[in-house]
Amino acid sequence: MGGFAGARAPVIAGLGITELGNVYGRTSADFAADAVRRAVADAGLALGDVDGLLTNTGLAADLTLGLARDMGLRDLRLLSEVQAFGSSAGAMVQYASMAVASGMADVVACVFADAPLREPGAGSAGAYAGTGRRLTQGWRALDVAAGLLGANPLYALAARRHMLAYGTTSEQLGAIAVAQRAWAAGNPRARFREPITLADHQASRMIADPYRLLDCCLVSNGGVAVLVTSADRAADLAQPPVHVLGGAQAHPGYPASSDSTFGLVSGASQAGPAALKAAGVTLGDIDVVELYDCYTFTVLLTLEDYGFCAKGEGGPFAATPGVLGPDGSLKLNTGGGQLSSYYMWGMTPLSEAVIQVRGQGGERQCERHELALVSGNGGILDHHSTLVLGASPRERSITGSGS
Amino acid sequence: MTPLQASPVTAEFFAGTARGELLVRRCADCGRHLAPRCVSCEVCGGTDLAWTAASGAGRVVSWTVLPDRAGGPPVVAGIVELAEGPWLNVRFVDVVPEAMTGGLAVEVRFVRPEGGEAVPVFAPAEQTLG
(Lines give C-alpha, C1' and ligand atoms only; values in the text may rest on other atoms or scores of the structure.)
Protein backbone atom coordinates (compact mmCIF):
# COMPACT_ATOMS: atom_id res chain seq x y z
CA MET A 1 0.00 0.00 0.00
CA GLY A 2 1.55 3.28 -1.08
CA GLY A 3 2.47 5.40 -4.04
CA PHE A 4 0.12 8.13 -2.82
CA ALA A 5 0.69 11.59 -4.27
CA GLY A 6 -1.11 14.87 -4.63
CA ALA A 7 -4.05 16.40 -2.84
CA ARG A 8 -5.59 13.19 -1.55
CA ALA A 9 -2.37 11.58 -0.32
CA PRO A 10 -3.05 10.39 3.24
CA VAL A 11 -1.69 12.25 6.22
CA ILE A 12 -1.89 11.68 9.98
CA ALA A 13 -3.08 15.08 11.15
CA GLY A 14 -4.18 14.41 14.71
CA LEU A 15 -2.96 12.40 17.70
CA GLY A 16 -4.91 11.92 20.90
CA ILE A 17 -3.49 10.15 23.93
CA THR A 18 -5.56 9.81 27.10
CA GLU A 19 -4.28 9.48 30.62
CA LEU A 20 -2.48 6.13 30.59
CA GLY A 21 -1.52 3.41 33.01
CA ASN A 22 -3.15 2.53 36.30
CA VAL A 23 -6.25 4.60 35.61
CA TYR A 24 -9.26 2.78 37.01
CA GLY A 25 -13.01 3.00 36.76
CA ARG A 26 -13.21 3.89 33.07
CA THR A 27 -14.31 1.65 30.23
CA SER A 28 -12.48 1.19 26.94
CA ALA A 29 -15.32 3.03 25.21
CA ASP A 30 -14.81 5.97 27.55
CA PHE A 31 -11.06 6.02 26.90
CA ALA A 32 -11.70 5.72 23.15
CA ALA A 33 -14.11 8.69 23.07
CA ASP A 34 -11.61 10.71 25.08
CA ALA A 35 -8.79 9.76 22.67
CA VAL A 36 -10.81 10.67 19.57
CA ARG A 37 -11.81 14.04 21.04
CA ARG A 38 -8.18 14.74 21.89
CA ALA A 39 -7.05 13.79 18.37
CA VAL A 40 -9.69 16.06 16.82
CA ALA A 41 -8.63 18.97 19.04
CA ASP A 42 -4.96 18.25 18.36
CA ALA A 43 -5.60 18.53 14.63
CA GLY A 44 -7.60 21.73 15.01
CA LEU A 45 -10.74 20.11 13.68
CA ALA A 46 -14.26 19.77 15.07
CA LEU A 47 -15.84 16.44 15.94
CA GLY A 48 -18.36 16.99 13.16
CA ASP A 49 -15.52 16.91 10.63
CA VAL A 50 -14.94 13.22 11.34
CA ASP A 51 -16.66 11.16 8.64
CA GLY A 52 -14.93 7.84 9.23
CA LEU A 53 -14.27 5.77 12.34
CA LEU A 54 -12.27 2.58 12.81
CA THR A 55 -12.15 1.00 16.27
CA ASN A 56 -9.84 -1.64 17.70
CA THR A 57 -10.73 -3.04 21.08
CA GLY A 58 -8.17 -4.49 23.44
CA LEU A 59 -8.44 -7.24 25.99
CA ALA A 60 -11.37 -5.70 27.85
CA ALA A 61 -13.32 -6.07 24.59
CA ASP A 62 -15.78 -3.32 25.44
CA LEU A 63 -15.07 -0.96 22.55
CA THR A 64 -17.48 -1.45 19.66
CA LEU A 65 -19.17 0.34 16.78
CA GLY A 66 -21.39 1.82 19.44
CA LEU A 67 -18.65 4.40 19.99
CA ALA A 68 -20.02 6.35 17.01
CA ARG A 69 -23.42 6.62 18.66
CA ASP A 70 -21.91 7.36 22.08
CA MET A 71 -20.00 10.27 20.58
CA GLY A 72 -22.91 11.54 18.53
CA LEU A 73 -21.07 11.04 15.24
CA ARG A 74 -23.52 11.38 12.38
CA ASP A 75 -23.55 10.55 8.71
CA LEU A 76 -20.29 8.61 8.80
CA ARG A 77 -19.11 7.33 5.45
CA LEU A 78 -16.88 4.66 6.96
CA LEU A 79 -17.41 2.73 10.21
CA SER A 80 -15.95 -0.61 11.21
CA GLU A 81 -14.32 -2.59 13.97
CA VAL A 82 -10.81 -3.85 13.16
CA GLN A 83 -9.16 -6.76 14.91
CA ALA A 84 -5.73 -8.04 14.04
CA PHE A 85 -4.46 -7.65 17.62
CA GLY A 86 -1.14 -5.85 17.89
CA SER A 87 -1.00 -5.21 14.17
CA SER A 88 -4.35 -3.40 14.23
CA ALA A 89 -3.09 0.16 14.66
CA GLY A 90 -0.98 -0.07 11.52
CA ALA A 91 -3.80 -1.86 9.72
CA MET A 92 -6.32 0.84 10.67
CA VAL A 93 -4.03 3.56 9.33
CA GLN A 94 -3.66 1.57 6.11
CA TYR A 95 -7.43 1.18 5.66
CA ALA A 96 -8.01 4.83 6.56
CA SER A 97 -5.30 5.92 4.14
CA MET A 98 -6.85 3.99 1.27
CA ALA A 99 -10.28 5.38 2.15
CA VAL A 100 -8.96 8.94 2.13
CA ALA A 101 -6.93 8.46 -1.04
CA SER A 102 -9.90 7.02 -2.85
CA GLY A 103 -12.26 9.75 -1.73
CA MET A 104 -14.41 7.41 0.32
CA ALA A 105 -13.91 9.55 3.44
CA ASP A 106 -12.12 12.77 4.36
CA VAL A 107 -11.29 12.51 8.06
CA VAL A 108 -10.99 9.01 9.51
CA ALA A 109 -10.42 8.50 13.23
CA CYS A 110 -8.56 5.30 14.14
CA VAL A 111 -8.78 4.44 17.82
CA PHE A 112 -7.53 1.77 20.19
CA ALA A 113 -8.50 1.56 23.84
CA ASP A 114 -8.24 -0.98 26.59
CA ALA A 115 -8.94 -1.25 30.29
CA PRO A 116 -7.72 -4.66 31.46
CA LEU A 117 -6.50 -3.34 34.82
CA ARG A 118 -9.56 -3.16 37.00
CA GLU A 119 -8.38 -2.51 40.50
CA PRO A 120 -5.26 -1.46 42.37
CA GLY A 121 -2.82 -4.30 42.85
CA ALA A 122 -4.10 -6.33 39.92
CA GLY A 123 -1.02 -7.88 38.33
CA SER A 124 -0.49 -7.26 34.66
CA ALA A 125 0.22 -10.91 33.98
CA GLY A 126 -3.00 -11.83 35.73
CA ALA A 127 -4.89 -9.34 33.61
CA TYR A 128 -3.67 -10.90 30.41
CA ALA A 129 -3.66 -14.55 31.43
CA GLY A 130 -6.90 -14.54 33.37
CA THR A 131 -9.22 -15.01 30.43
CA GLY A 132 -7.98 -18.51 29.65
CA ARG A 133 -7.53 -19.90 33.10
CA ARG A 134 -10.97 -21.45 33.41
CA LEU A 135 -10.90 -22.94 29.93
CA THR A 136 -11.72 -26.65 30.14
CA GLN A 137 -12.98 -27.41 26.64
CA GLY A 138 -11.68 -27.14 23.09
CA TRP A 139 -8.17 -27.33 21.70
CA ARG A 140 -6.91 -24.26 23.52
CA ALA A 141 -7.79 -25.93 26.79
CA LEU A 142 -5.08 -28.47 26.02
CA ASP A 143 -2.54 -25.63 25.78
CA VAL A 144 -3.77 -24.30 29.10
CA ALA A 145 -3.53 -27.75 30.68
CA ALA A 146 0.04 -28.00 29.40
CA GLY A 147 0.82 -24.74 31.17
CA LEU A 148 0.91 -22.57 28.07
CA LEU A 149 -1.56 -20.01 29.34
CA GLY A 150 -1.45 -16.53 27.83
CA ALA A 151 1.20 -14.75 25.81
CA ASN A 152 4.21 -15.06 28.15
CA PRO A 153 4.93 -18.78 27.76
CA LEU A 154 4.02 -18.87 24.07
CA TYR A 155 6.36 -15.99 23.24
CA ALA A 156 8.96 -17.67 25.44
CA LEU A 157 8.79 -20.68 23.12
CA ALA A 158 9.54 -18.38 20.19
CA ALA A 159 12.56 -16.86 21.93
CA ARG A 160 13.86 -20.27 23.00
CA ARG A 161 13.68 -21.55 19.44
CA HIS A 162 15.69 -18.56 18.26
CA MET A 163 18.24 -19.19 21.02
CA LEU A 164 18.57 -22.83 19.97
CA ALA A 165 18.99 -21.94 16.31
CA TYR A 166 21.28 -18.92 16.58
CA GLY A 167 22.78 -18.83 20.05
CA THR A 168 20.81 -15.75 21.13
CA THR A 169 21.24 -15.06 24.85
CA SER A 170 19.25 -13.55 27.70
CA GLU A 171 21.92 -10.86 28.06
CA GLN A 172 21.38 -9.83 24.44
CA LEU A 173 17.65 -9.52 25.09
CA GLY A 174 18.53 -7.51 28.17
CA ALA A 175 20.46 -5.00 26.07
CA ILE A 176 17.17 -4.08 24.41
CA ALA A 177 15.41 -3.59 27.75
CA VAL A 178 18.24 -1.42 29.08
CA ALA A 179 18.35 0.75 25.95
CA GLN A 180 14.60 1.32 25.93
CA ARG A 181 14.57 2.30 29.59
CA ALA A 182 17.22 4.90 28.80
CA TRP A 183 14.91 6.35 26.14
CA ALA A 184 11.96 6.27 28.57
CA ALA A 185 13.81 8.68 30.84
CA GLY A 186 13.04 11.37 28.28
CA ASN A 187 9.33 10.53 27.92
CA PRO A 188 6.98 12.24 30.39
CA ARG A 189 4.29 9.64 29.57
CA ALA A 190 6.54 6.70 30.46
CA ARG A 191 5.52 4.65 33.48
CA PHE A 192 9.08 3.55 34.25
CA ARG A 193 11.79 6.18 33.80
CA GLU A 194 14.48 5.10 36.25
CA PRO A 195 17.52 3.72 34.41
CA ILE A 196 18.20 -0.02 34.61
CA THR A 197 21.38 -1.99 34.03
CA LEU A 198 21.98 -5.36 32.45
CA ALA A 199 22.55 -6.66 35.98
CA ASP A 200 19.06 -5.41 36.93
CA HIS A 201 17.67 -7.28 33.93
CA GLN A 202 19.46 -10.48 34.86
CA ALA A 203 18.31 -10.17 38.48
CA SER A 204 14.64 -9.56 37.63
CA ARG A 205 12.41 -12.49 38.43
CA MET A 206 11.80 -15.22 35.91
CA ILE A 207 8.35 -15.00 34.30
CA ALA A 208 8.54 -17.67 31.60
CA ASP A 209 12.09 -18.82 30.98
CA PRO A 210 13.88 -17.31 29.05
CA TYR A 211 11.81 -14.21 29.81
CA ARG A 212 12.51 -12.26 32.95
CA LEU A 213 10.25 -9.51 34.20
CA LEU A 214 12.27 -6.87 32.35
CA ASP A 215 11.80 -8.71 29.04
CA CYS A 216 8.03 -8.24 29.24
CA CYS A 217 5.86 -5.26 28.41
CA LEU A 218 3.76 -3.62 31.06
CA VAL A 219 -0.04 -3.43 30.84
CA SER A 220 -1.88 -0.13 30.68
CA ASN A 221 -5.38 1.26 30.70
CA GLY A 222 -6.07 4.09 28.28
CA GLY A 223 -6.73 4.99 24.68
CA VAL A 224 -4.91 6.43 21.68
CA ALA A 225 -6.40 7.80 18.45
CA VAL A 226 -4.98 9.16 15.24
CA LEU A 227 -6.80 11.10 12.54
CA VAL A 228 -6.05 10.33 8.92
CA THR A 229 -7.00 12.95 6.37
CA SER A 230 -5.82 14.17 2.98
CA ALA A 231 -2.71 16.21 2.33
CA ASP A 232 -4.66 19.22 1.11
CA ARG A 233 -6.94 19.17 4.14
CA ALA A 234 -3.99 18.73 6.48
CA ALA A 235 -2.13 21.70 5.02
CA ASP A 236 -4.31 24.16 6.94
CA LEU A 237 -4.52 22.23 10.19
CA ALA A 238 -2.82 22.72 13.53
CA GLN A 239 -0.07 20.12 13.43
CA PRO A 240 2.85 19.36 11.13
CA PRO A 241 1.52 16.72 8.70
CA VAL A 242 2.80 13.15 9.04
CA HIS A 243 2.56 11.57 5.61
CA VAL A 244 1.60 7.91 5.26
CA LEU A 245 4.10 6.95 2.59
CA GLY A 246 3.74 3.19 2.58
CA GLY A 247 2.32 0.23 4.42
CA ALA A 248 2.00 -3.52 4.28
CA GLN A 249 0.79 -6.50 6.29
CA ALA A 250 1.91 -10.09 6.56
CA HIS A 251 0.16 -12.94 8.33
CA PRO A 252 2.39 -16.00 7.93
CA GLY A 253 -0.06 -18.66 9.09
CA TYR A 254 2.55 -20.90 10.66
CA PRO A 255 1.78 -24.58 10.12
CA ALA A 256 1.84 -26.75 13.25
CA SER A 257 4.63 -28.88 11.86
CA SER A 258 8.29 -29.14 11.01
CA ASP A 259 7.82 -26.56 8.23
CA SER A 260 7.09 -23.80 10.72
CA THR A 261 9.46 -20.87 11.00
CA PHE A 262 7.84 -19.86 14.30
CA GLY A 263 10.38 -18.02 16.42
CA LEU A 264 12.84 -17.77 13.55
CA VAL A 265 11.11 -15.55 10.97
CA SER A 266 8.00 -13.41 11.37
CA GLY A 267 5.69 -11.58 8.99
CA ALA A 268 8.00 -8.60 9.37
CA SER A 269 10.27 -10.24 6.80
CA GLN A 270 7.59 -9.69 4.16
CA ALA A 271 5.73 -6.62 5.41
CA GLY A 272 8.86 -4.57 6.08
CA PRO A 273 10.40 -4.72 2.60
CA ALA A 274 6.95 -4.36 1.00
CA ALA A 275 6.18 -1.20 2.97
CA LEU A 276 9.57 0.33 2.19
CA LYS A 277 9.14 -0.44 -1.49
CA ALA A 278 5.64 1.04 -1.49
CA ALA A 279 7.04 4.20 0.08
CA GLY A 280 9.85 4.36 -2.43
CA VAL A 281 12.55 4.40 0.22
CA THR A 282 15.17 2.02 1.56
CA LEU A 283 16.10 0.95 5.06
CA GLY A 284 19.11 3.25 4.94
CA ASP A 285 16.80 6.26 4.52
CA ILE A 286 14.98 5.59 7.78
CA ASP A 287 15.75 7.97 10.64
CA VAL A 288 13.53 6.67 13.44
CA VAL A 289 12.43 3.08 14.10
CA GLU A 290 9.45 2.30 16.35
CA LEU A 291 8.99 -1.45 16.77
CA TYR A 292 6.29 -3.36 18.57
CA ASP A 293 7.90 -4.63 21.75
CA CYS A 294 5.55 -6.87 23.69
CA TYR A 295 8.79 -8.66 24.60
CA THR A 296 12.43 -7.80 24.07
CA PHE A 297 12.61 -10.75 21.69
CA THR A 298 9.90 -9.30 19.43
CA VAL A 299 12.17 -6.30 18.84
CA LEU A 300 15.18 -8.52 18.15
CA LEU A 301 13.29 -10.66 15.64
CA THR A 302 11.79 -7.64 13.88
CA LEU A 303 15.21 -6.01 13.56
CA GLU A 304 16.43 -9.13 11.76
CA ASP A 305 13.34 -9.48 9.61
CA TYR A 306 13.40 -5.83 8.55
CA GLY A 307 17.02 -6.26 7.57
CA PHE A 308 18.81 -4.09 10.11
CA CYS A 309 21.12 -7.07 10.61
CA ALA A 310 21.48 -10.53 9.13
CA LYS A 311 19.13 -13.36 10.14
CA GLY A 312 20.29 -14.84 13.39
CA GLU A 313 22.49 -11.89 14.31
CA GLY A 314 19.87 -9.85 16.14
CA GLY A 315 21.40 -10.74 19.49
CA PRO A 316 24.99 -9.65 18.78
CA PHE A 317 23.61 -6.60 16.90
CA ALA A 318 21.49 -5.44 19.85
CA ALA A 319 24.31 -5.99 22.31
CA THR A 320 26.94 -4.15 20.29
CA PRO A 321 27.89 -0.99 22.20
CA GLY A 322 26.91 2.15 20.35
CA VAL A 323 23.97 0.66 18.44
CA LEU A 324 20.94 1.04 20.74
CA GLY A 325 19.92 3.69 23.25
CA PRO A 326 19.65 7.49 22.98
CA ASP A 327 23.32 7.80 22.07
CA GLY A 328 23.28 4.86 19.69
CA SER A 329 23.41 4.83 15.92
CA LEU A 330 19.94 3.26 15.58
CA LYS A 331 17.15 5.45 16.97
CA LEU A 332 14.90 2.62 18.14
CA ASN A 333 11.80 2.80 20.37
CA THR A 334 12.57 6.35 21.31
CA GLY A 335 9.74 6.72 23.81
CA GLY A 336 10.68 3.66 25.84
CA GLY A 337 8.11 1.48 24.10
CA GLN A 338 5.76 -1.00 25.65
CA LEU A 339 8.56 -2.31 27.84
CA SER A 340 8.96 0.93 29.78
CA SER A 341 6.34 3.50 28.81
CA TYR A 342 2.82 2.39 27.97
CA TYR A 343 1.15 -0.62 26.39
CA MET A 344 -1.45 0.50 23.88
CA TRP A 345 -0.88 -2.37 21.45
CA GLY A 346 0.23 -0.99 18.06
CA MET A 347 -0.61 2.55 19.08
CA THR A 348 2.50 2.61 21.26
CA PRO A 349 5.01 2.55 18.38
CA LEU A 350 2.65 4.52 16.11
CA SER A 351 2.08 7.36 18.58
CA GLU A 352 5.80 7.71 19.24
CA ALA A 353 6.50 7.77 15.49
CA VAL A 354 3.98 10.57 14.98
CA ILE A 355 5.54 12.54 17.84
CA GLN A 356 9.04 12.05 16.43
CA VAL A 357 8.21 12.84 12.80
CA ARG A 358 6.48 16.04 13.96
CA GLY A 359 9.59 16.95 15.94
CA GLN A 360 7.67 17.09 19.22
CA GLY A 361 9.72 14.60 21.22
CA GLY A 362 11.12 17.15 23.66
CA GLU A 363 14.29 15.95 25.31
CA ARG A 364 14.09 12.60 23.51
CA GLN A 365 13.55 14.16 20.08
CA CYS A 366 15.79 12.66 17.39
CA GLU A 367 17.77 15.15 15.39
CA ARG A 368 16.91 13.47 12.11
CA HIS A 369 13.21 12.65 11.86
CA GLU A 370 12.27 12.83 8.21
CA LEU A 371 11.31 9.15 7.91
CA ALA A 372 9.99 6.70 10.49
CA LEU A 373 9.46 2.95 10.24
CA VAL A 374 6.70 1.56 12.46
CA SER A 375 5.80 -2.05 13.20
CA GLY A 376 2.77 -3.75 14.68
CA ASN A 377 2.70 -7.37 15.80
CA GLY A 378 -0.21 -9.48 16.94
CA GLY A 379 -1.11 -12.94 18.10
CA ILE A 380 1.96 -15.04 18.81
CA LEU A 381 3.95 -13.47 15.96
CA ASP A 382 0.95 -14.31 13.76
CA HIS A 383 0.12 -10.83 12.46
CA HIS A 384 2.39 -8.05 11.29
CA SER A 385 1.82 -4.53 9.97
CA THR A 386 4.39 -2.01 8.81
CA LEU A 387 4.04 1.71 8.15
CA VAL A 388 6.51 4.16 6.65
CA LEU A 389 5.74 7.69 7.81
CA GLY A 390 7.40 10.87 6.59
CA ALA A 391 7.58 14.56 7.38
CA SER A 392 7.32 15.32 3.66
CA PRO A 393 5.18 14.03 0.80
CA ARG A 394 6.51 11.12 -1.20
CA GLU A 395 8.34 13.07 -3.87
CA ARG A 396 10.36 15.12 -1.42
CA SER A 397 11.15 12.12 0.77
CA ILE A 398 12.72 10.41 -2.20
CA THR A 399 14.58 13.52 -3.33
CA GLY A 400 15.86 14.01 0.16
CA SER A 401 17.09 10.47 0.54
CA GLY A 402 20.23 10.86 -1.50
CA SER A 403 22.46 12.09 1.28
CA MET B 1 -3.47 -29.97 35.92
CA THR B 2 -6.96 -28.60 35.31
CA PRO B 3 -9.40 -31.41 34.41
CA LEU B 4 -10.49 -31.11 30.78
CA GLN B 5 -13.87 -32.01 29.36
CA ALA B 6 -14.42 -33.39 25.88
CA SER B 7 -16.46 -31.29 23.47
CA PRO B 8 -17.73 -32.11 19.98
CA VAL B 9 -14.46 -30.99 18.36
CA THR B 10 -12.21 -32.89 20.77
CA ALA B 11 -14.39 -35.96 21.48
CA GLU B 12 -12.56 -38.28 19.07
CA PHE B 13 -9.16 -37.12 20.33
CA PHE B 14 -10.06 -37.79 23.96
CA ALA B 15 -11.61 -41.12 23.06
CA GLY B 16 -8.11 -41.91 21.80
CA THR B 17 -6.33 -40.72 24.92
CA ALA B 18 -8.73 -42.82 27.01
CA ARG B 19 -7.43 -45.88 25.09
CA GLY B 20 -3.83 -44.73 25.50
CA GLU B 21 -3.55 -43.58 21.91
CA LEU B 22 -2.29 -40.23 20.68
CA LEU B 23 -4.47 -39.43 17.69
CA VAL B 24 -3.43 -37.02 14.96
CA ARG B 25 -4.99 -36.16 11.62
CA ARG B 26 -3.94 -37.61 8.30
CA CYS B 27 -4.92 -36.09 4.98
CA ALA B 28 -6.71 -38.64 2.81
CA ASP B 29 -5.62 -36.79 -0.33
CA CYS B 30 -1.88 -36.30 0.18
CA GLY B 31 -1.06 -38.44 3.21
CA ARG B 32 0.30 -35.56 5.30
CA HIS B 33 0.08 -35.98 9.06
CA LEU B 34 -1.44 -32.98 10.79
CA ALA B 35 -1.91 -31.72 14.32
CA PRO B 36 -5.17 -32.84 15.96
CA ARG B 37 -6.72 -29.38 15.77
CA CYS B 38 -6.27 -29.03 12.00
CA VAL B 39 -9.50 -28.88 10.01
CA SER B 40 -7.85 -28.71 6.60
CA CYS B 41 -4.55 -29.97 5.21
CA GLU B 42 -1.67 -27.51 5.51
CA VAL B 43 -0.17 -28.83 2.28
CA CYS B 44 -2.98 -29.53 -0.18
CA GLY B 45 -5.99 -27.89 1.48
CA GLY B 46 -7.84 -31.20 1.63
CA THR B 47 -10.64 -31.50 4.14
CA ASP B 48 -10.95 -35.27 4.24
CA LEU B 49 -8.92 -35.80 7.38
CA ALA B 50 -8.86 -39.15 9.13
CA TRP B 51 -7.83 -39.80 12.71
CA THR B 52 -4.77 -41.99 13.05
CA ALA B 53 -2.68 -43.06 16.02
CA ALA B 54 0.78 -41.50 16.21
CA SER B 55 3.70 -43.54 17.46
CA GLY B 56 4.02 -41.26 20.47
CA ALA B 57 7.69 -40.58 19.78
CA GLY B 58 8.89 -37.05 19.23
CA ARG B 59 11.57 -34.47 19.77
CA VAL B 60 11.63 -31.20 21.69
CA VAL B 61 11.36 -28.14 19.45
CA SER B 62 11.19 -25.53 22.18
CA TRP B 63 10.27 -25.19 25.83
CA THR B 64 9.71 -22.76 28.63
CA VAL B 65 10.09 -23.14 32.38
CA LEU B 66 7.34 -21.53 34.44
CA PRO B 67 8.15 -20.89 38.10
CA ASP B 68 5.45 -21.88 40.56
CA ARG B 69 4.48 -18.82 42.57
CA ALA B 70 3.56 -21.01 45.52
CA GLY B 71 7.06 -22.46 45.66
CA GLY B 72 6.28 -25.84 44.13
CA PRO B 73 8.21 -27.40 41.27
CA PRO B 74 8.26 -25.38 38.05
CA VAL B 75 6.14 -26.36 35.06
CA VAL B 76 8.10 -27.28 31.95
CA ALA B 77 6.02 -26.98 28.78
CA GLY B 78 6.70 -26.52 25.13
CA ILE B 79 6.46 -27.82 21.59
CA VAL B 80 7.05 -31.41 20.55
CA GLU B 81 7.52 -32.45 16.96
CA LEU B 82 6.03 -35.90 16.58
CA ALA B 83 7.92 -38.47 14.53
CA GLU B 84 5.11 -38.14 11.98
CA GLY B 85 5.73 -34.37 11.63
CA PRO B 86 2.96 -32.51 13.50
CA TRP B 87 3.71 -30.16 16.38
CA LEU B 88 1.91 -30.35 19.70
CA ASN B 89 1.91 -27.95 22.64
CA VAL B 90 2.55 -30.16 25.65
CA ARG B 91 3.57 -30.47 29.28
CA PHE B 92 6.90 -32.19 29.92
CA VAL B 93 7.17 -34.57 32.87
CA ASP B 94 10.07 -36.31 34.57
CA VAL B 95 12.43 -33.66 33.24
CA VAL B 96 15.02 -31.46 34.91
CA PRO B 97 14.71 -27.92 33.48
CA GLU B 98 18.48 -27.58 33.22
CA ALA B 99 18.71 -30.81 31.22
CA MET B 100 16.25 -29.74 28.53
CA THR B 101 17.79 -29.47 25.07
CA GLY B 102 16.55 -28.84 21.58
CA GLY B 103 15.97 -32.14 19.80
CA LEU B 104 15.70 -34.12 23.02
CA ALA B 105 13.94 -37.43 22.28
CA VAL B 106 10.66 -37.71 24.18
CA GLU B 107 7.68 -40.03 24.23
CA VAL B 108 4.06 -39.70 25.14
CA ARG B 109 2.48 -40.68 28.41
CA PHE B 110 -1.01 -40.04 29.60
CA VAL B 111 -2.10 -38.38 32.80
CA ARG B 112 -5.63 -38.70 34.06
CA PRO B 113 -6.64 -35.77 36.26
CA GLU B 114 -9.60 -36.69 38.45
CA GLY B 115 -12.85 -35.67 36.83
CA GLY B 116 -11.29 -34.99 33.45
CA GLU B 117 -10.14 -36.57 30.23
CA ALA B 118 -6.76 -38.28 29.82
CA VAL B 119 -4.19 -35.76 28.60
CA PRO B 120 -0.96 -36.50 26.70
CA VAL B 121 2.28 -35.35 28.31
CA PHE B 122 5.83 -36.08 27.22
CA ALA B 123 8.77 -37.58 29.09
CA PRO B 124 12.35 -38.26 27.99
CA ALA B 125 12.41 -41.36 25.80
CA GLU B 126 13.63 -44.44 27.56
CA GLN B 127 15.77 -45.41 24.64
CA THR B 128 17.40 -43.21 22.06
CA LEU B 129 15.58 -43.02 18.78
CA GLY B 130 18.01 -43.64 15.95
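Heavy-atom basis, side chains included; hydrogens, waters and symmetry copies ignored. Reminder, nothing fancy here: chain letters follow the sequence lines and each chain counts from 1.
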Looking at chain B, which one of A/A158, A/P153, A/A159, A/A156 has the largest number of heavy-atom pairs inside 4.5 Å, strictly under?
A/P153

Let me confirm one number: the CE-CZ distance from B/M100 to A/R160, rounded to the nearest 0.5 Å.
8.5 Å

Mind ranking B/P113, B/A35, B/C38, B/P36 by heavy-atom pairs under 4.5 Å with chain A and telling me who comes out on top?
B/P36

Could you please spell out the steps behind the side chain to side chain contact (heavy atoms under 4.5 Å, CB included) verdict for B/F13 and A/L142?
CA-CA 11 Å; B/F13 178 80; A/L142 274 160; 3.8 Å; yes

Top residue by heavy-atom pair count (under 4.5 Å) with chain B, among A/G138, A/P210, A/G147, A/A146?
A/A146

At a heavy-atom separation under 4.5 Å, does A/L164 approach chain B through its side chain, its backbone, both, or neither?
side chain

A/R161 side chain to B/V61 backbone, donor-acceptor under 3.5 Å
no

What's the shortest heavy-atom distance between B/E42 and A/A256, and which atoms?
OE2-N, 3.0 Å

Could A/D143 and B/R37 be called an ion pair, given the rule that one side-chain N must be under 4.0 Å from one carboxylate O?
yes

Given the options B/V9, B/V75, B/T101, which has more heavy-atom pairs under 4.5 Å with chain A than any of the others?
B/V9

Side chain / backbone / both / neither for B/F14 at chain A, heavy atoms under 4.5 Å:
side chain

Nearest 0.5 Å please: distance from the CG atom of A/L154 over to the OG1 atom of B/T64.
9.0 Å

Heavy atoms of B/G78 and A/L148 approach each other most closely as O-CD1, 4.0 Å

dist A/Y211:OH -> B/L66:CG (nearest 0.5 Å) comes out at 12.5 Å

Let me know if B/V90 has heavy atoms under 4.5 Å from chain A in its side chain, its backbone, both or neither.
backbone

In this structure, CZ of A/R140 is separated from CG of B/N89 (nearest 0.5 Å) by 11.0 Å

Interface residue of largest heavy-atom contact number with chain A, from B/R32, B/H33, B/E117, under 4.5 Å
B/R32

Side chain / backbone / both / neither for B/V65 at chain A, heavy atoms under 4.5 Å:
both

A/S257 side chain vs B/P86 backbone, donor-acceptor pair below 3.5 Å:
no

Can you tell me if A/Q137 uses its side chain to pair, donor with acceptor, with the backbone of B/L4 under 3.5 Å?
no

